[in-house]
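Given the structure is predicted, the values throughout are model-derived calculations rather than measurements. Positions are given from 1, in the same order as the sequence printed here.
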Amino acid sequence: MKMYWVKTRWFIKKIFSRFVWDMGNIPNTVYLTFDDGPTPEVTEWVLSVLKEHDIKATFFCIGNNIEKHPDIFKKVIEEGHTIANHTFNHLNGWNTDNQKYFENVDKTERIITQYYSSFKDNKLFRPPYGKMKSSQAKEVLKKGYKIIMWDVLSADFDKTITPEKCLSNVTKNTRNGSIIIFHDSVKAYPNLKHALPSSIKYLKENGFTFATVR
């Protein structure tokens, strides 16, 4: 059985206060984020949905995927979205030697900045699985990153839930300033296809606008 919180609890945010869990009580504004791309077809579909609704989002990209799919990555940039670091190999920090972890982060930064020079002005990092050691977090912060977590987890990656449940995870838990996670990955795509456009429609109808994480 998979264990995760759809809505991040207040005490988690307080304990791990060095991390950014939401953007504060900003009226009628939410923040769409996408992990694990760029992925052929899936990322391109996400971009088409965002473009249709004139929404800019934040993409936490895996360095290895950028290397394999540079044209898709460049399209994300060209369409005005914000790029962030999600390690090169989607590493679980709890199970990874610190030096290897930092090298993975640095390698991805070098790849990102080849295409996205403004990255240095807004260095964002999200640990895969939300898991990193305190020592890793301390060093990543020293490198000038903001560590971005989430307020609402769509759980689109979970193959045991329905697309409707994925949608309700978002619509029932989003508040002013929420950072929402979706995944532009093959595994998430069956849920994402329904949940993303329907979530956008619901949030717009309820007066929300969309911004990128900074």
Taking only residues at least two apart or on different chains, which pairs with a member in residues 83-97 satisfy salt bridge (charged side-chain N to carboxylate O under 4.0 Å, His left out)? none
Taking atom CD of E67 as the centre, report whether more than 12 heavy atoms of other residues, nucleotides or ligands fall under 6.0 Å from it. yes
Examine F208 and V6 and state if one hydrophobic cluster contains both, with Ile, Leu, Val, Met, Phe, Trp and Tyr joined whenever side-chain heavy atoms are less than 4.5 Å apart. yes
Could you check whether atom NZ of K146 has more than 12 heavy atoms from other residues, nucleotides or ligands sitting under 6.0 Å from it? no
Under a single-linkage definition using a 4.5 Å side-chain heavy-atom cutoff for Ile, Leu, Val, Met, Phe, Trp and Tyr, are L153 and W21 assigned to the same hydrophobic cluster? yes
Shared hydrophobic cluster for L47 and I66 (ILVMFWY, side-chain gaps under 4.5 Å): yes
If the condition is salt bridge (charged side-chain N to carboxylate O under 4.0 Å, His left out), which residues does E205 pass it with, not counting sequence neighbours? K201
For the residue pair Y4 and F157, is the inter-centroid distance of their aromatic rings smaller than 6.0 Å? yes
Got a list of side-chain donor-acceptor pairs under 3.5 Å for residues 27-40, not counting sequence neighbours?
residue, atom, partner, partner atom, Å
T29, OG1, P27, O, 3.1
T33, OG1, R126, NH1, 3.0
T33, OG1, R126, NH2, 3.3
T33, OG1, I180, O, 2.8
D35, OD1, R126, NH1, 2.7
D36, OD1, H86, NE2, 3.0
D36, OD1, H90, NE2, 3.1
T39, OG1, D184, O, 2.7

State yes or no: are the ring centers of Y129 and W94 separated by less than 6.0 Å? no
Report yes if some heavy atom in the side chain of L124 is under 4.5 Å from a heavy atom in the side chain of N85; otherwise report no. no
Got a sec, which pairs hit salt bridge (charged side-chain N to carboxylate O under 4.0 Å, His left out) with one end in residues 161-171, sequence neighbours left out? none
Heavy atoms, side chains only, cut-off 4.5 Å: are V140 and M132 in contact? yes
Are Y202 and T174 packed together at the side-chain level, in the sense that at least one heavy-atom pair is separated by less than 4.5 angstrom? no
State whether a side-chain donor-acceptor pair under 3.5 Å links S135 with N98. yes
Under a 4.5 Å cut-off applied to non-hydrogen side-chain atoms, are H183 and I181 in contact? yes
Using side-chain heavy atoms (C-beta onward) and a distance below 4.5 Å, is H81 in contact with T58? no
Apply the side chain to side chain contact (heavy atoms under 4.5 Å, CB included) test between D22 and each candidate in K13, M149, R175; give the one that qualifies. K13
Solution key, residues 110-120 side-chain donor-acceptor pairs under 3.5 Å, sequence neighbours excluded:
residue, atom, partner, partner atom, Å
T113, OG1, E109, O, 3.0
T113, OG1, R110, O, 3.1
K120, NZ, S117, O, 3.1

How about I62 and T108: do any of their side-chain heavy atoms sit closer than 4.5 Å? no
Residues two or more places apart in sequence or in another chain: which of them pass side chain to side chain donor-acceptor pair (under 3.5 Å) with N89? N104
K187 and D156 ion-paired at < 4.0 Å: no
Would you please indicate if the ring centroids of W5 and F11 are separated by under 6.0 Å? yes
